[in-house]
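Each chain gets a letter, A, B and so on, in the order its sequence line appears, and its residues count up from 1.
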Amino acid sequence: GQNIDQPTEMTATEGAIVQINCTYQTSGFNGLFWYQQHAGEAPTFLSYNVLDGLEEKGRFSSFLSRSKGYSYLLLKELQMKDSASYLCAVRLTYYGGATNKLIFGTGTLLAVQP
Amino acid sequence: DSGVTQTPKHLITATGQRVTLRCSPRSGDLSVYWYQQSLDQGLQFLIQYYNGEERAKGNILERFSAQQFPDLHSELNLSSLELGDSALYFCASTTDRFDNEQFFGPGTRLTVL
């Protein structure tokens, strides 16, 4: 089976840094994605990692360790508008072939407080 | 605005009924994905189409079916509806089959009473 774990909720302070962790156990791996979703809205793409290491994109960075089945999303200089759900997703492969099927975790609801 | 459109925005219906959800991908995108998001299960992949052909399938129920038409819009048909089918249904699109960034539509909120 496929398993992706994230904390359910986190709280952080405006201007601070927060790290949202994601661990996965999946049959096949072809990349890890982070999406942001505000309540009642569509998910929007934040980042993609397929090789080990850190990818930085403005205030957002994402890290991947394939050997540990682990990723984190780092949000710096938190703003109130960053209050949202953050979804970790793994892209699967089948029988060695490519697919764009994503398996999502249940998401981490981040509350940014003043 | 992602450029992906979905209709209707809200749908309220009764158990046992059948509904059709519609998705128009971004201009030029050939691949369409359908997802179901309920409170207890998060975002679940249902099915992917690429240029009219089915490419990947998730845990889509037999009561659900989808298709992608020659003009690349897609429809998700849900039949014999149950209370548990109440959820947000999202469509996403990409240019190719394997693009990294999927662009999501605003979703259709289905309520089954």
Interatomic spacing from CG in L110(B) to CD in Q36(B) - rounded to 0.5 Å: 9.0 Å
CA sep, side-chain torsions, deciding dist, call: F60(A), L74(A), side-chain contact (heavy atoms from CB on, under 4.5 Å): CA-CA 6 Å; F60(A) 295 76; L74(A) 195 70; over 6 Å; no
Which atoms of F103(B) approach chain A - backbone, side chain, both or neither, heavy atom under 4.5 Å: neither
Sole candidate of F63(A), Y86(A), W34(A), Y70(A) that passes side chain to side chain contact (heavy atoms under 4.5 Å, CB included) when paired with C22(A): W34(A)
Residues E56(A) and K76(A) bridged, charged N to O under 4.0 Å: yes
Interface moiety of Y50(B) toward chain A, non-hydrogen atoms closer than 4.5 Å: neither
Any donor-acceptor N/O pair, R63(B) side chain to S80(B) backbone, under 3.5 Å: yes
Proximal component of L102(A), with respect to chain B [non-hydrogen, under 4.5 Å]: both
Per-residue contact mode, S2(B) against chain A (heavy atom under 4.5 angstrom): neither
When G40(A), A42(A), A89(A), S47(A) are compared by non-hydrogen pairs under 4.5 Å with chain B, the top option: A42(A)
Q44(B), part contacting chain A, at a heavy-atom distance under 4.5 Å: neither
